Amino acid sequence: RRIPRAGVKANADTLDEVGVLARSVDDVALLAHLLCGRAGVALPGAQGFTPRIGVTLTSRPSLLSSDMLAMVATSARRLSAAGPQVRDVAAWPAGFDALFEAQRTVQLFETARALAPELQYRRAALSPTLAAFLDEGSRIEPATYAAALACGRAASAVIEVLFADADALITSAAPGAAPRDLSTTGDPLFNRPWQLLDCPCVTVPGGVNSAGMPLSLQVVGRPGDDERVFAAAAWIGQALRSDAIAQGHALV
């Protein structure tokens, strides 16, 4: 919530954020700082910060493509070889698996109400997918919505069980590679738990799959720890790029 949402069409009040896309972590950080009125903050790439890194596949590694699994494992090895402490988060904490469905419940409930006028008066102009999403959200009971919010709060209260001594976590940004066309933005499944937890995330290039499509590594920080996750992502992105160049691999 550091970047103001004034003027942005509301979608899900609990979850809505203004994000930034750029060619480097430094550019992302610079634009984010400007948008929230903090222009004088040092860029993360200049901080000389070497992060302690945790590696997690969440509780649903079976839903990751073989290319994505291999990319996360290879990234962890490359980062470990570059010097920092890298450890596996062996077990997804109890109760955290429920975050996947809880986030979806919150989004469905809030989006159905934010876009209720569009559904009522402009249904024919909506895509069938969006109309069905809003219909599903309108059927969710307030008690179910409240329980989903409580699930997020409960996990946030014990988030140190997940992070422990790590400055940031690395994980998959999606189940697999980027879609081949613009008909879809892909599956947001592996963004859901972090969004409900209010964790700041920076996604950096991780390589390409066997078809040449991009694979992305998600760098996750503690709630409110934006500056440290920027610094960690800058170091991770540079370390992976330097190793890829040395090995003759491609990062896009």
Side-chain angles (χ1 to χ4, degrees), residues 1-22 28 31-32 35-36 58-60 62-65 68 95-156 171-203 209 211 213-216 218 220 223 226:
R1 297 297 172 88
R2 293 193 178 191
I3 299 177
R5 296 179 298 163
V8 177
K9 172 66 174 175
N11 182 61
D13 188 61
T14 300
L15 307 172
D16 287 349
E17 298 282 358
V18 176
V20 176
L21 300 175
V28 168
L31 184 50
L35 289 172
C36 63
T58 77
S59 57
R60 305 195 178 186
S62 63
L63 300 181
L64 295 171
S65 71
M68 182 61 80
F96 275 52
D97 183 65
L99 291 168
F100 289 95
E101 188 58 32
Q103 187 276 349
R104 186 172 185 274
T105 296
V106 171
Q107 185 164 20
L108 280 164
F109 185 92
E110 293 185 352
T111 302
R113 283 144 186 84
L115 302 185
E118 286 82 355
L119 183 65
Q120 182 173 355
Y121 299 113
R122 297 288 185 270
R123 187 184 185 102
L126 304 181
S127 70
T129 300
L130 178 56
F133 186 89
L134 298 177
D135 284 336
E136 183 181 356
S138 66
R139 294 191 294 269
I140 294 175
E141 295 291 335
T144 303
Y145 167 68
L149 291 174
C151 174
R153 290 194 297 268
S156 293
T171 186
S172 61
R180 296 192 67 88
D181 58 46
L182 299 180
S183 62
T184 174
T185 56
D187 187 340
L189 179 68
F190 287 93
N191 310 136
R192 292 188 185 282
W194 312 116
Q195 190 179 35
L196 191 57
L197 287 169
D198 285 333
C199 289
C201 299
V202 180
T203 299
N209 70 356
M213 297 303 292
L215 295 161
S216 295
Q218 189 167 208
V220 182
D226 298 52

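Just so you know, these numbers use all the heavy atoms, side chains as well, and skip hydrogens, waters and symmetry mates. Because the structure is a prediction, the values reported are computed rather than measured.
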Exercise. Considering only heavy atoms from C-beta outward, does the side chain of Arg5 approach that of Asn11 to under 4.5 Å?
Worked result: no

Exercise. How about Leu189 and Leu63: do any of their side-chain heavy atoms sit closer than 4.5 Å?
Worked result: yes

Problem set entry | Closest non-hydrogen atom pair, Ala12 against Thr111 | CB-OG1, 3.9 Å

Exercise. Could you give the distance from CZ (Arg139) to CG (Leu134), rounded to the nearest 0.5 Å?
Worked result: 10.5 Å

Problem set entry | Non-hydrogen side-chain atoms of Leu130 and Leu119 separated by less than 4.5 Å | no

Problem set entry | Check: Leu35 and Val20 side chains under 4.5 Å, non-hydrogen atoms | yes

Exercise. Hey, what do you get for CG (Leu64) to CG (Leu215), rounding to the nearest 0.5 Å?
Worked result: 10.5 Å

Exercise. Atom OG of Ser156 and atom CG of Leu99: how far apart are they, to the nearest 0.5 Å?
Worked result: 7.5 Å

Exercise. How far apart are the closest heavy atoms of Pro4 and Cys36, and which atoms are they?
Worked result: CD-CA, 4.4 Å

Problem set entry | From CA spacing to verdict: side chain to side chain contact (heavy atoms under 4.5 Å, CB included), Val8, Val18 | CA-CA 8 Å; Val8 177; Val18 176; 4.2 Å; yes

Problem set entry | Nearest heavy atoms of Phe96 and Ala155, plus distance in Å | CZ-O, 3.4 Å

For this session: Mind jotting down which residue pairs meet the ring-ring contact (aromatic ring centres under 6.0 Å, His included) criterion with at least one end in residues 98-144? Sequence neighbours excluded, please.
Result: Phe109-Tyr145

Exercise. Taking side chain as C-beta onward, heavy atoms only, is Pro179 less than 4.5 Å from Thr185?
Worked result: no

Exercise. Is there a donor-acceptor pair under 3.5 Å between the side chain of Asn191 and the backbone N or O of Ala174?
Worked result: no

Exercise. Do side-chain atoms of Arg104 reach the backbone of Arg192 as a donor and acceptor pair under 3.5 angstrom?
Worked result: no

Problem set entry | Chi angles and distances behind the side chain to side chain contact (heavy atoms under 4.5 Å, CB included) call for Asn209, Met68 | CA-CA 8 Å; Asn209 70 356; Met68 182 61 80; over 6 Å; no

Exercise. Ion pair present between Asp13 and Arg113, side-chain N to carboxylate O less than 4.0 angstrom?
Worked result: no

Exercise. How close do Val220 and Cys201 get, heavy atom to heavy atom, and via which atoms?
Worked result: CG2-SG, 3.9 Å

Exercise. Short question: side chain of Gln195, backbone of Leu15 - any donor-acceptor pair under 3.5 Å?
Worked result: yes

Exercise. Is any side-chain heavy atom of Gln103 closer than 4.5 Å to a side-chain heavy atom of Trp194?
Worked result: no

Problem set entry | CD-CG distance between Glu17 and Asp198, expressed to the nearest 0.5 angstrom | 6.5 Å

Exercise. Of the non-hydrogen atoms in Ala102 and Leu196, which two are nearest, and what is the gap between them?
Worked result: CB-CD2, 3.6 Å

Exercise. What distance separates Thr58 OG1 from Asp97 CG, expressed to the nearest 0.5 Å?
Worked result: 7.5 Å

Seminar exercise, completed: d(Cys199 SG, Gln218 CD) to nearest 0.5 Å is 9.5 Å

For this session: Measure across Ala112 and Gly137 and return the closest heavy-atom pair with its distance rounded to 0.1 Å.
Result: CB-C, 3.6 Å

